[in-house]
Amino acid sequence: IIGRNELLGVRYLEGGLAASRAVGRVVIRSAAGATLGYGTGSMVSPTLLMTNNHVLSSPGTARNSTVEFNFQLGIDNQPQRSVTFALDPEAFFVTSPEDELDLSLVAVRPEAFNGGSLGEFGFSPLKAVEAEILNGESVTVIQHPGGEPKQIALRENRVLKLPNTLDRFLY
């Protein structure tokens, strides 16, 4: 090992693969069904999707939008069969403005439009663990940048600043 030791156990990849299943592409649609844009969301409970307020800012926007899981390329570089679910803001919707937490939670209907069950994709529960991550530590980000197939950022992603009582943001 020359320089910093960045070795990880193989379980890191297995855990990342499991966590990635719960990450979906949010397709933002108008009331008429036109695609307005995309975002990334992650299942944080068996029925709740977490995304940003700037992706889903209101129950009306959520009502028209969908979440698509498995929108990614396989090991053969071919598209996988994606599975699309309707959002259900009547069952649950809460949001925090973009200038605060920039967070929205919305319920997802359990059955897909094109077959499949929401339970197949699992979830990554939210949990607060003191000192779980420190300033300067690396983080892995699973996302759909610009609506593209699912991708992962493994390197050069570091926590710059932890939230505090004056500034609730993680940088």
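Residue indices begin at 1 and follow the sequence shown.
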How about [X] and [Y]: do any of their side-chain heavy atoms sit closer than 4.5 Å?
{"X": "F69", "Y": "E120", "value": "no"}
{"X": "V106", "Y": "T51", "value": "no"}
{"X": "Y38", "Y": "V27", "value": "yes"}
{"X": "M43", "Y": "S124", "value": "no"}
{"X": "V83", "Y": "R81", "value": "yes"}
{"X": "F92", "Y": "T47", "value": "no"}
{"X": "V159", "Y": "L134", "value": "no"}
{"X": "L36", "Y": "T61", "value": "no"}

Short side-chain to backbone donor-acceptor contact, [X] and [Y], under 3.5 Å:
{"X": "D102", "Y": "N53", "result": "yes"}
{"X": "S42", "Y": "L49", "result": "no"}
{"X": "S96", "Y": "E100", "result": "no"}

Do [X] and [Y] belong to the same hydrophobic cluster, where Ile, Leu, Val, Met, Phe, Trp and Tyr are linked whenever their side-chain heavy atoms lie under 4.5 Å apart, directly or via other members?
{"X": "F123", "Y": "L56", "value": "yes"}
{"X": "L17", "Y": "I142", "value": "no"}
{"X": "V108", "Y": "V55", "value": "yes"}
{"X": "F93", "Y": "F85", "value": "yes"}
{"X": "L105", "Y": "V67", "value": "no"}

Measure the spacing between [atom1] of [X] and [atom2] of [Y] and express it to the nearest 0.5 Å.
{"X": "T35", "Y": "N64", "atom1": "OG1", "atom2": "CG", "value": "11.5 Å"}
{"X": "R109", "Y": "D88", "atom1": "CZ", "atom2": "CG", "value": "4.0 Å"}
{"X": "N70", "Y": "S20", "atom1": "CG", "atom2": "OG", "value": "8.5 Å"}
{"X": "L73", "Y": "Q80", "atom1": "CG", "atom2": "CD", "value": "8.0 Å"}
{"X": "H144", "Y": "Q151", "atom1": "NE2", "atom2": "CD", "value": "9.0 Å"}
{"X": "L13", "Y": "L154", "atom1": "CG", "atom2": "CG", "value": "8.0 Å"}

Item to check | Residues in salt bridge (Lys or Arg N to Asp or Glu O under 4.0 Å) contact with R63, at least two apart in sequence or another chain | outcome: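 Only E90 meet the salt bridge (Lys or Arg N to Asp or Glu O under 4.0 Å) criterion with R63.
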Checklist entry - side chain to side chain contact (heavy atoms under 4.5 Å, CB included) between N52 and E98: does it pass, once the steps are laid out? => result CA-CA 8 Å; N52 297 103; E98 191 172 346; over 6 Å; no
Item to check | Closest non-hydrogen atom pair between P89 and P59, with its separation | outcome: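 Scanning both residues completely, I find the closest heavy atoms to be CG-O, 3.4 Å.
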Checklist entry - So, for F71 and E148, which heavy atoms are closest and what is the spacing to 0.1 Å? => result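 Taking F71 first and E148 second, the nearest heavy atoms are CE2-C, 3.5 Å.
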Checklist entry - Are S82 and E68 linked by a side-chain donor-acceptor pair shorter than 3.5 Å? => result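 On atom types as modelled, these side chains qualify, holding a pair under 3.5 Å.
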Checklist entry - With no hydrogens and no angle check, do the side chains of R158 and S138 hold a donor and an acceptor under 3.5 Å apart? => result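 R158 vs S138: donor-acceptor pair found between side chains.
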Next on the checklist: Set out, in order, the CA-CA distance, both residues' side-chain angles and the distance that settles side chain to side chain contact (heavy atoms under 4.5 Å, CB included) for S117 and E111, then state yes or no.
Outcome noted: CA-CA 5 Å; S117 172; E111 298 300 321; 4.3 Å; yes
Item to check | Residue pair T66, F113: steps toward the side chain to side chain contact (heavy atoms under 4.5 Å, CB included) verdict | outcome: CA-CA 10 Å; T66 59; F113 290 121; 3.7 Å; yes
